[in-house]
Structures are given as structure tokens and as C-alpha cells.
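Residue numbers run from 1 in the order of the sequence given. All figures in this text were calculated on a predicted structure; none of them were measured in a lab. Atoms considered below: every heavy atom in the structure, side chains included; atoms not considered: hydrogens, waters and symmetry mates.
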Amino acid sequence: MTNEKQTICLNGKTILVTGSPGFIGANLVLRLLNEMTEGIVVSLDNMNDYYDPKLKEYRLRLIEEAAKSSVVQHVFIRGSISDKVLLNRLFGQYRPEIVVNLAAQAGVRYSIDHPEKYIESNIVGFFNILEMCRSYPVEHLVYASSSSVYGGNQKVPFSVDDPVDHPVSLYAATKKSNELLAHSYSKLYNIPSTGLRFFTVYGPAGRPDMFYYSATEKLQKGENIRIFNFGNCKRDFTYVDDIVEGIVRVMRGAPKKVTGSDGLPMPPYAIYNIGNSSPENLLDFIDILQQELVAAGVLPADYDFEAHKELVPMQPGDVPVTFADTSALERDFGFQPSTLLREGLRRFTQWYQSYHKN
């Protein structure tokens, strides 16, 4: 198995990345701009206000700075994947060979109060992407699914071969729908597609709605942090660079187009987990986070963490454990995420201190 970072080898390609100033999307585009030696990267996002747009603008500035010194052409288009007219114009002009769809309405709890946003982006928007890949044939569609599709599955670790028919949130249901829609389009139109089930992604410039980030902000303000299920949760925290490495490897390896015994095309379709395969207890996670917050100077050494912890019941849509079986990813791409939690949180806290100083 080769966990070392690999050269991208996507030179000369036109690549569309949706959700580009988002957390994962920005890191992927930066890597493409830094490592490709020719080609075009088109990125698309609607820059919505699900969380503070200043963070997306910050990531977009990083992309624009990287583009200045890159030999790769970069084009940013502000718009939504739910806008079919815009997508049709984009695909018609640039004819992307590889599409990485990371644009989505994220968040489990947010889906309870704002279900319409998930239908617009995750269902209608994804359908539009599939339609474009049909109308303007692509070499490979890679799209973000989620560990949320496993719902309340009791068997761990979660394998891509496990049934995922019982989502416990609308967000999870939309991600499972993406997988089903992609499978049908792969079968009907021979579109190579790969879905990636991400497990609790974290790191510098991450999403402020994620626990590690929101807890940091609350602690800095002297507010209490709520620890769900009374701390009896485990999460498979996966560092963003490991997620991007997995995406890059998968981008280069589209499912093969083969003919079945009936003479008809077999769907060139695949699903992979990308997770650290090492679930951490939430209380242990918080302990490491607070140590690194002190070490980075975000919080003083004498900060009373215990006074700011509030143990509360499980929230609707949450699950007690996530745990990735990454054997399929290891088998097909020789990669398993391996960044240690402390190292990842150290990089986050150092970035947070620097970002909020400016």
C-alpha cells in the first residue's frame, strides 16, 4: 500500500470542480493548481450564506493567488448547480472531461429546519449534473456522498457492501439518492461514476458548523459547548488532506466500461469510503482539542474547560458511531487515510490562531 502523496497525472484535462470555495473543494482545487502542468480547472459555487461567506471568500482568495503562479488555467463561475441553464452553458463551453461534484447543502441538523434547500441542491442540482454528463459525455464523474448514508447501522466498521436503506436524516436520504441516481445514469448512459462516502472531515479553514470548529469558537467566547449523547459518541475523524488524496487517486481511476453476459453495458459505477478507520470517543477528541488550543495560544493555559462542558442527549438525525471500512479503497487505489488526530487538530488550531489574528 502506498500512502505517500502521489503525483496527480491529470495533465491536459479539463476538470470541473463544483463547490470549489467549500472546504474540500478549495483544498482539491489548490492541489490541482499546484501540481498539474497543463490543463484547465473550472470551479463553480453559489457562495451561499449557510455559514459565514467570509470563510468561502478567504478560500477563494487562496485559489486565486495559487492560480496566478500556476501554469494551469483557472476559471471561477459564481452560480448554482440547480441552475440548469447555467450548467448547460458551462458544459457546452468547456466540455469538462472529469467532473468532481462537491457542491451540496451540508449538515444533518440544518436539514431538519430547512429541508427545501437539500432538495434544491442535493437532488435537483445533482440531477442537473447527471444530465450534463449525459449531454456532454465525460470520462469520469466523481461525487461526494457521505458516511451519513449508513444511518443507524449497528455493524461496524461500515462497509460499502452493507445495506444503507434506513437513513435517519433528510441529508442522508439525499446522499443515498445521489448514489441511486448515479447508478441509473451509469447503467442507462454508460457514464463512469464514483461516489465517495466521506467520514467527518476536519482541518484548517473547515466548516464552522462542524463540532471542532464551533466548539473552538464557543470556548473562545466563554460559552458552553454541548456534547451530545452525553459524550458517548464515536466519530471517524478524517483530515482534509487525506480526503483530497483519496479524491485525486479516484479521479484517475474511472470504473471500466464492460459488457455483461446479456450483451448490454454493465454500469461503470463504484462507491468507496474515505475515512481514517479509527473512531475517536468524543470526550477524548475534546481533550486533545483543548490541549492543542492552549498550545496554539487560542486559549490560556488556565482555561477552565470543565466549567464550559454541557452533556446533553442525542440530537435528531445523529448516530452514535461512524467507522469506515476502507478496504475497497486500499485494494483499488493503495491508499488509506492515516493522519493522526492530534496532528490534524494541531494544524487546525494553528491556522485558527493565525486566521483570527488578521
Side-chain angles (χ1 to χ4, degrees), residues 3 5 22-24 26-28 30-31 51-52 54-56 58-59 62 106-109 147 198-246 274-312 318 320-324 336-358:
N3 269 356
K5 186 174 170 182
F23 179 30
I24 299 172
N27 280 279
L28 175 61
L30 287 169
R31 176 124 182 237
Y51 56 78
D52 187 353
K54 288 181 181 177
L55 193 53
K56 290 183 180 179
Y58 163 79
R59 300 191 198 108
L62 294 180
V108 169
R109 297 184 193 105
S147 62
F198 300 143
F199 282 69
T200 317
V201 190
Y202 74 103
R207 280 178 23 215
D209 63 314
M210 296 295 285
F211 176 77
Y212 71 98
Y213 201 127
S214 64
T216 296
E217 291 190 313
K218 287 178 179 178
L219 290 170
Q220 193 177 43
K221 294 174 184 175
E223 299 173 359
N224 288 356
I225 57 172
R226 303 172 75 199
I227 304 169
F228 295 108
N229 201 29
F230 306 104
N232 296 314
C233 284
K234 286 190 173 184
R235 290 288 180 270
D236 205 346
F237 295 99
T238 313
Y239 190 64
V240 65
D241 286 1
D242 287 336
I243 293 287
V244 170
E245 179 67 26
I274 305 186
N276 212 46
S277 301
S278 180
E280 300 278 351
N281 181 278
L282 201 52
L283 292 174
D284 294 336
F285 172 86
I286 293 168
D287 184 53
I288 296 173
L289 175 63
Q290 65 191 39
Q291 291 174 33
E292 295 303 326
L293 288 171
V294 170
V298 177
L299 295 174
D302 61 351
Y303 192 94
D304 188 353
F305 288 97
E306 292 306 316
H308 293 90
K309 294 177 184 176
E310 184 181 348
L311 300 178
V312 298
D318 268 355
V321 62
T322 63
F323 185 176
Q336 178 185 12
S338 59
T339 301
L340 297 177
L341 182 61
R342 183 176 294 278
E343 178 60 29
L345 286 177
R346 180 169 297 153
R347 294 175 193 169
F348 163 71
T349 55
Q350 290 172 347
W351 168 83
Y352 185 91
Q353 174 71 340
S354 173
Y355 178 74
H356 287 277
K357 266 186 175 179
N358 300 328

CZ on Arg226 to OG on Ser214, rounded to 0.5 Å: 11.0 Å
Partners meeting side chain to side chain contact (heavy atoms under 4.5 Å, CB included) with Asp304 (sequence neighbours left out): Glu306, Ala307
Tyr58 to Ala205 - nearest heavy-atom pair and separation: CE2-CB, 4.0 Å
Side-chain heavy-atom pair Val240, Phe23 within 4.5 angstrom cut-off: yes
Exam field: side chain Asn276 to backbone Ser278, donor-acceptor pair closer than 3.5 Å: no
Approximate separation, where rounding is to 0.5 Å, of Asn281 CG and Asn232 CG: 7.0 Å
Interatomic distance, Leu293 atom CG to Arg346 atom CZ [nearest 0.5 angstrom]: 12.0 Å
Inter-residue atom distance His308.NE2 - Gln290.CD, 0.5 Å rounding: 12.0 Å
Side chain to side chain contact (heavy atoms under 4.5 Å, CB included), paired with Thr216, selected from Ile225, Val298, Thr349: Val298
Side-chain donor or acceptor of Tyr212 paired with backbone N/O of Gly203 under 3.5 Å: yes
Side-chain heavy atoms of Pro337 within contact of Ile243, under 4.5 Å: no
Flag, side chain of Thr238 to backbone of Val201, donor-acceptor distance under 3.5 Å: no
Side chain to side chain contact (heavy atoms under 4.5 Å, CB included) partners for Arg109, two or more places apart: Phe228, Gln315, Asp318
Check: Gly344 main-chain N/O paired with Thr339 side-chain donor or acceptor under 3.5 Å: no
Residue list, side chain to side chain contact (heavy atoms under 4.5 Å, CB included) with Asp52, at least two apart or on another chain: Lys54
Atom pair CG (Leu282) and NZ (Lys234), whose distance is rounded to the nearest 0.5 Å: 11.5 Å
Worked check of side chain to side chain contact (heavy atoms under 4.5 Å, CB included) between Phe285 and Phe211: CA-CA 10 Å; Phe285 172 86; Phe211 176 77; 3.8 Å; yes
Inter-residue atom distance Gln350.CD - Leu345.CG, 0.5 Å rounding: 11.0 Å
Stepwise side chain to side chain contact (heavy atoms under 4.5 Å, CB included) check, Glu245 with Arg31: CA-CA 9 Å; Glu245 179 67 26; Arg31 176 124 182 237; 2.7 Å; yes
Proximity of Tyr202 and Phe348 rings by center, below 6.0 Å: no
Expected output: side-chain Asp236 to main-chain Ala324 donor-acceptor under 3.5 Å: yes
Within-4.5 Å side-chain heavy-atom neighbours: Phe305 and Leu219: yes
Side chains of Asp242 and Ile274 in contact at under 4.5 Å (non-hydrogen atoms): no
side-chain hydrogen bond (donor to acceptor under 3.5 Å, both in side chains), paired with Tyr352, selected from Arg347, Glu292, Gln220: Gln220
Side chain to side chain contact (heavy atoms under 4.5 Å, CB included) partner of Glu280, chosen from Leu341, Thr200, Ile286: Leu341
Distance-only donor-acceptor check, side chains Tyr239 and Glu343, under 3.5 Å: no
Heavy-atom closest contact (Arg207 atom, Arg59 atom, distance): N-NH2, 4.1 Å
Minimum-distance pair of heavy atoms, taken over all atoms of Val294 and Pro300: CG2-O, 3.7 Å
